[in-house]
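Model, not experiment: these values are computed from the prediction.
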Amino acid sequence: MTDRLTQARLRKLDRLRKEGLDPYPARSSRSHTSSAAIEAFEAAAKDEQVRVVVAGRLRSIREMGKTVFAHIEDTDGRLQLYLRQDQLGPDQLDLFLEAFDLGDFIQAEGELFRTRTGEVTVRVASFLMLSKAIYPLPAAKEELVDDEIVVHSAFDNPEARYRQRYADLAVNPEVREVFRTRARIIDALRQYLNNLGFLEVETPVLQFIYGGAAAEPFVTHHKQLHRDLYLRISFELYLKRLLVGGLERVYEIGKDFRNEGVDRTHQPEFTQLEFYMAYADYQVVMDVTEDMITYVAEQVLGGTQFEYQGRTIDVTPPWGRIELRAAIAEQTGIDYAEHNTENALRTAISKAGIEAPEVASRGKLIEHLLDHHVVPELIQPTFLYNYPRDISPLAKADVNNPESVERFEGFVAGMEICNAFTELNDPVEQEQRFLEMGRTHGEDDADRHPLDEDYLRAMRYGMPPNGGFGMGVDRLTMLLTDRSSIREVILFPHLRTKEN
RNA sequence: GCGCCGUUAGCUCAAUUGGCAGAGCAGGGGCCUUUUAAGCCCAAGGUUCAGGGUUCGAGUCCCUGACGGCGCACCA
């Protein structure tokens with residue numbers, strides 16, 4: 001694109017070169033970041049001169065005749081520059097005014113002083129272009145009103161922001177903050193699990209047999225082997241093989257890929273945390289979950305209460321714990337334990353005037369009731385526990401109720417954030433469960449599970465009893481950054497390609 | 001996949017019933033040596049998402065498509 005704005009900047013680029021200046025020098029000699037410079041000035045004695053070399057992106061220029069005020073922005077804030085003709089000479093000031101634009105990266109050297117309005121400012125003795133921008137950043141201006149930053153002409157079109165996240169980050173500081181928070185969340189999760197003696201591991205992304213979740217995989221192809229491969233849909237089956245190998249506490253934080261619909265809480269590529277804990281059951285994992293989320297909230301937000309979409313959420317333990325059966329009965333009046341077959345349950349649902357999918361097992365019907373009539377009501381952190389066996393093929397059955405498994409899910413703000421269970425470690429029963437899955441799913445059913453023989457072989461060597469846990473890190477980040485869309489917490493969310 | 005809404009200058013947005021496409025900021029020219037959305041003056045800036053159609057005349061109405069937002073559906 002060479003519109004008039006770009007052409008103007010290209011002319012300025014030429015001008016710099018004609019002056020013998022490199023518009024893209026390889027190095028800077030920065031001595032202070034913006035906040036380090038301000039701190040150094042505040043700490044200095046009254047008569048002491050503080051000389052700094054600062055570097056950053058030009059974010060504002062206010063020309064006032066023979067002086068110029070400007071702000072640069074760097075990693076930790078903004079710093080004002082003050083350029084005077086009597087200090088720099090007319091040629092240098094002209095060069096600045098004629099060849100430097102908003103968005104350029106520059107370096108400036110000079111002594112710090114405080115302006116009449118109290119702002120710590122660099123009295124610029126010399127300056128240097130570090131990187132000339134030839135496209136203008138999306139215009140956005142900030143005004144300070146009563147210490148609140150009011151943004152004018154904000155770059156806030158979601159499509160443009162996601163497609164050009166670099167520009168979004170460059171002009172929207174709150175977006176940078178979301179991703180700093182995201183990094184701190186992941187860091188806190190690691191700290192928490194490491195402190196409990198968990199070992200962080202990495203397992204294959206490319207798999208010949210996918211499993212561990214009910215999801216449609218992405219298919220790719222290995223050229224040399226002439227075979228299709230799948231991108232993983234979960235880490236579960238590999239992490240549990242590690243328990244067989246004697247690693248008692250393992251976790252992985254990484255990407256899962258699911259070839260499914262995209263919406264406010266789903267992206268085809270998302271970040272998952274899974275951990276497996278030998279000699280723990282789902283009750284222990286519930287305790288760990290509460291404790292872990294509390295730790296993360298305290299580390300990241302400094303407390304356990306936060307605002308999410310206008311509501312105050314408090315993750316202080318203990319979280320609500322309700323049996324799934326009771327929660328569904330409470331919201332729908334249907335006690336699924338009284339309806340032991342698909343047909344009986346379907347009749348009860350229809351009597352209650354509730355719509356249900358036409359093709360669904362009893363477990364799927366229960367899940368439908370859960371998703372549509374219970375989950376939206378679960379605003380404060382809540383665990384629902386004891387799930388139907390037929391939708392939980394990797395979870396251990398309740399010895400007192402073979403149709404139920406020791407499984408729970410955690411919900412916050414009407415959103416599922418985690419899923420966990422006492423893991424099934426009986427190889428004979430696991431094989432049986434896999435075969436049941438094969439029976440209840442047709443050849444072309446996306447949920448049909450390929451039978452992972454090697455996983456069964458691993459389990460036959462002996463797997464310790466254990467509790468497993470999976471959580472969407474993106475959704476946790478949504479909660480802790482008060483974002484309503486998963487796209488706001490993923491740097492480069494998936495969008496359709498568009499010609500332009 | 002379905003429904004509703006949207007797409008106008010670099011950015012944020014206007015445009016009456018179908019009647020000459022505008023503003024602020026950014027950019028260009030000028031004035032201004034402690035300003036901070038600096039201010040003032042001047043000039044410029046458009047494939048109105050794309051393609052068809054209706055009409056004397058379409059940003060506006062109709063059709064098709066692209067992309068996006070929201071909702072629904074899908075999501076062991």
Side-chain angles (χ1 to χ4, degrees), chain A residues 1 3-9 11-12 59-71 78 80-88 93 98 101-103 113-119 121 123 135-145 149-163 167 171 211-216 233-234 236 258-266 268 355 357 360-361 363-364 366-368 371-372 387-395 405 407 416 419 421 433-434 436-437 440-441 445-449 484-485 487 493 495-500:
Chain A
M1 183 172 73
D3 63 14
R4 67 210 160 79
L5 298 176
T6 305
Q7 280 165 2
R9 284 169 178 247
R11 281 196 300 276
K12 295 174 183 186
R59 290 310 309 278
S60 68
I61 299 173
R62 291 180 299 284
E63 183 191 346
M64 295 195 49
K66 299 188 170 50
T67 66
V68 177
F69 284 93
H71 275 97
R78 287 188 179 200
Q80 184 164 252
L81 308 180
Y82 180 47
L83 297 88
R84 293 172 62 100
Q85 191 191 71
D86 58 11
Q87 202 151 14
L88 292 162
L93 194 70
E98 288 164 22
D101 285 300
L102 298 182
F113 74 107
R114 196 182 290 278
T115 63
R116 198 177 285 167
T117 52
E119 183 164 349
T121 299
R123 191 186 308 274
Y135 278 4
L137 285 172
K141 293 187 80 163
E142 287 116 53
E143 177 186 18
L144 210 60
V145 179
I149 294 173
V150 179
V151 181
H152 304 268
S153 298
F155 180 53
D156 66 0
N157 177 277
E159 180 179 0
R161 286 180 47 235
Y162 302 147
R163 287 191 195 280
V171 303
E216 177 80 14
I233 57 171
S234 87
E236 172 146 4
R258 297 188 181 176
N259 206 341
E260 288 166 358
V262 173
D263 68 19
R264 216 165 52 76
T265 56
H266 294 82
E355 285 194 32
S361 66
K364 285 266 198 182
I366 292 169
E367 199 166 48
H368 178 85
D371 289 343
H372 291 85
Y387 276 61
R389 179 180 184 273
D390 72 302
I391 54 168
S392 314
L394 299 162
V405 295
R407 172 181 172 190
E416 178 195 333
N419 179 22
F421 28 93
R433 298 273 202 102
F434 278 161
E436 282 172 26
M437 294 305 291
T440 55
H441 291 79
D445 189 327
D447 293 346
R448 193 173 65 95
H449 239 246
S484 65
S485 167
R487 286 179 297 265
L495 298 175
R496 290 170 201 271
T497 55
K498 188 175 163 185
E499 290 177 24
N500 54 353

Q) What is the distance from CD1 of A:Ile61 to C1' of B:rC25, rounded to the nearest Å? A) 14 Å
Q | C1' gap between B:rC63 and B:rA73, integer Å | A | 27 Å
(Q) Measure CG/A:Asp156 against C1'/B:rC25 and give the value in whole Å, please. (A) 14 Å
(Q) Once you apply a heavy-atom cut-off of 4.0 Å, does A:Arg161 come out as touching a base, just sugar-phosphate, or nothing? (A) nothing
(Q) Measuring from the side chain of A:Leu5 (C-beta onward, heavy atoms only), which nucleotide among B:rG28, B:rA26, B:rA73 has the closest atom? (A) B:rA26
Q | Watson-Crick/G-U partner (both atom distances under 3.5 Å) of B:rU48 | A | none
Q | N/O (side chain, A:Arg9) to phosphate O (OP1/OP2, B:rA26) under 4.0 Å | A | no
Q: If B:rG18 has a Watson-Crick or G-U wobble mate with both distances under 3.5 Å, name it; if not, just say none.
A: none
Q | Nearest-nucleotide pick for A:Phe113, side chain only, options being B:rU34, B:rU12, B:rG28 | A | B:rU34
(Q) So does A:Asn419 get a backbone contact from the side chain of A:Arg407, meaning a donor-acceptor N/O pair under 3.5 Å? (A) no
Q: Just call it for A:Ser392: base, sugar-phosphate, or nothing, with non-hydrogen atoms closer than 4.0 Å on any strand.
A: nothing
Q) With a 4.5 Å heavy-atom cut-off, do A:Asp86 and A:Lys66 have their side chains touching? A) no
Q. Closest nucleotide of RNA chain B for A:Thr115 versus for A:Ser60: which of these residues is on the 5' side?
A. A:Thr115
Q. Rounded to whole angstrom units, what separation is found between the CG atom of A:Asp263 and the C1' atom of B:rC75?
A. 9 Å
Q: Report the distance from atom CZ of A:Arg62 to atom P of B:rU34, rounded to the nearest whole Å.
A: 13 Å
(Q) From CD of A:Glu159 over to C1' of B:rC49, roughly how many Å is that when rounded to an integer? (A) 10 Å
Q: Give one of base, sugar-phosphate or nothing for A:His372, where a contact means two heavy atoms less than 4.0 Å apart.
A: sugar-phosphate
Q. Of the nucleotides B:rG69, B:rC75, B:rU33, which has the atom closest to the A:Arg487 side chain?
A. B:rG69
Q.
Taking B:rG45 as the reference, what is the distance to B:rU60 when you measure between their P atoms (whole Å, please)?
A. 23 Å
Q. Between B:rG68 and A:Arg163, is there an OP1 or OP2 to side-chain N/O distance shorter than 4.0 Å?
A. yes
Q) Within a strict 4.5 Å, meaning less than it, do heavy atoms of the A:His266 and A:Glu260 side chains meet? A) no
Q. Which nucleotide sits closest to the side chain of A:Phe155: B:rC70, B:rU12, B:rC74?
A. B:rU12
Q. Of all the choices, B:rG10, B:rC13, B:rC70, which nucleotide is nearest to the side chain of A:Arg4 once you look at every atom?
A. B:rG10
Q) Can you tell me if the side-chain N/O atoms of A:Lys66 get under 4.0 Å from OP1 or OP2 in B:rU35? A) no
Q: State whether A:Arg264 places a side-chain N or O below 4.0 Å from either non-bridging phosphate oxygen (OP1 or OP2) of B:rG71.
A: yes
Q) Quick check, are the ring centers of A:Tyr82 and A:Phe113 under 6.0 angstrom apart? A) yes
Q: Check every atom of B:rG27, B:rU12, B:rC75 against the side chain of A:Lys364 and return the nucleotide holding the closest atom.
A: B:rC75
Q: Using atom types as modelled and distance alone, determine if a side-chain donor or acceptor of A:Arg84 lies under 3.5 Å from a backbone N or O of A:Arg123.
A: no
Q. When the C1' atoms of B:rA14 and B:rG53 are considered, how many whole Å apart are they?
A. 28 Å
Q. Counting only distance, no hydrogens or angles, is the base of B:rU34 paired donor-acceptor with the side chain of A:Thr67 under 3.5 Å?
A. no
Q.
In whole Å, measure the gap between the P atoms of B:rG19 and B:rC62 for me.
A. 15 Å
Q | Proximal nucleotide (of B:rC67, B:rU35, B:rA26) relative to the A:Arg116 side chain | A | B:rU35
Q.
Students often get this wrong, so: under 4.0 angstrom with heavy atoms, is A:Asp390 touching a base, only sugar-phosphate, or nothing?
A. nothing
(Q) Taking the C1' atom in each of B:rG28 and B:rU33, what is the distance between them to the nearest angstrom? (A) 24 Å
Q) Of all the nucleotides listed (B:rC32, B:rG27, B:rC74), which has the minimum atom distance to the side chain of A:Pro357? A) B:rC74
Q) Within a strict 4.5 Å, meaning less than it, do heavy atoms of the A:Leu394 and A:Phe434 side chains meet? A) yes
Q: State whether the side chain of A:Arg258 and the backbone N or O of A:Ile233 hold a donor-acceptor pair below 3.5 Å, judged by distance alone.
A: yes
Q: Classify the nucleic acid contact of A:Leu137 as base, sugar-phosphate or nothing, counting any heavy atom under 4.0 Å across all strands shown.
A: nothing
Q. Got a donor-acceptor contact below 3.5 angstrom from the A:Arg487 side chain to the A:Glu159 backbone?
A. no
Q: Mind checking side chain to side chain donor-acceptor pair (under 3.5 Å) for A:Glu416 and listing every partner two or more places apart, or none if nothing turns up?
A: none
Q: Please determine, for the side chain of A:Arg123, which listed nucleotide (B:rU34, B:rG69, B:rC75) has the closest atom?
A: B:rU34
Q: Among B:rG28, B:rC75, B:rU34, find the nucleotide with the atom closest to the side chain of A:Ala214.
A: B:rC75
Q. Roughly, in whole Å, what's the span from CG in A:Leu495 to C1' in B:rC70?
A. 15 Å
Q: With a 3.5 angstrom cut-off on both distances, give the Watson-Crick or G-U wobble partner of B:rC11, or none if there isn't one.
A: B:rG24
Q) Between the base of B:rU35 and the side chain of A:Glu63, is there a donor-acceptor distance below 3.5 Å? A) no
Q) In the strands shown, is B:rC4 matched to any nucleotide by a Watson-Crick or G-U wobble pair with both distances under 3.5 Å, and which? A) B:rG69
Q) Paired with B:rG57: which nucleotide, if any, by Watson-Crick or G-U wobble criteria at under 3.5 Å for both distances? A) none
**Q.** Complement of B:rU33, any strand, by Watson-Crick or G-U distances under 3.5 angstrom
**A.** none
(Q) Please report the distance, rounded to the nearest Å, between CD in A:Glu216 and C1' in B:rC74. (A) 11 Å
Q.
Output the rounded distance in Å from CD (A:Gln7) to P (B:rA26).
A. 21 Å
Q. When you compare B:rU17 with B:rC72, how far apart are their P atoms, in angstrom units rounded to a whole number?
A. 34 Å
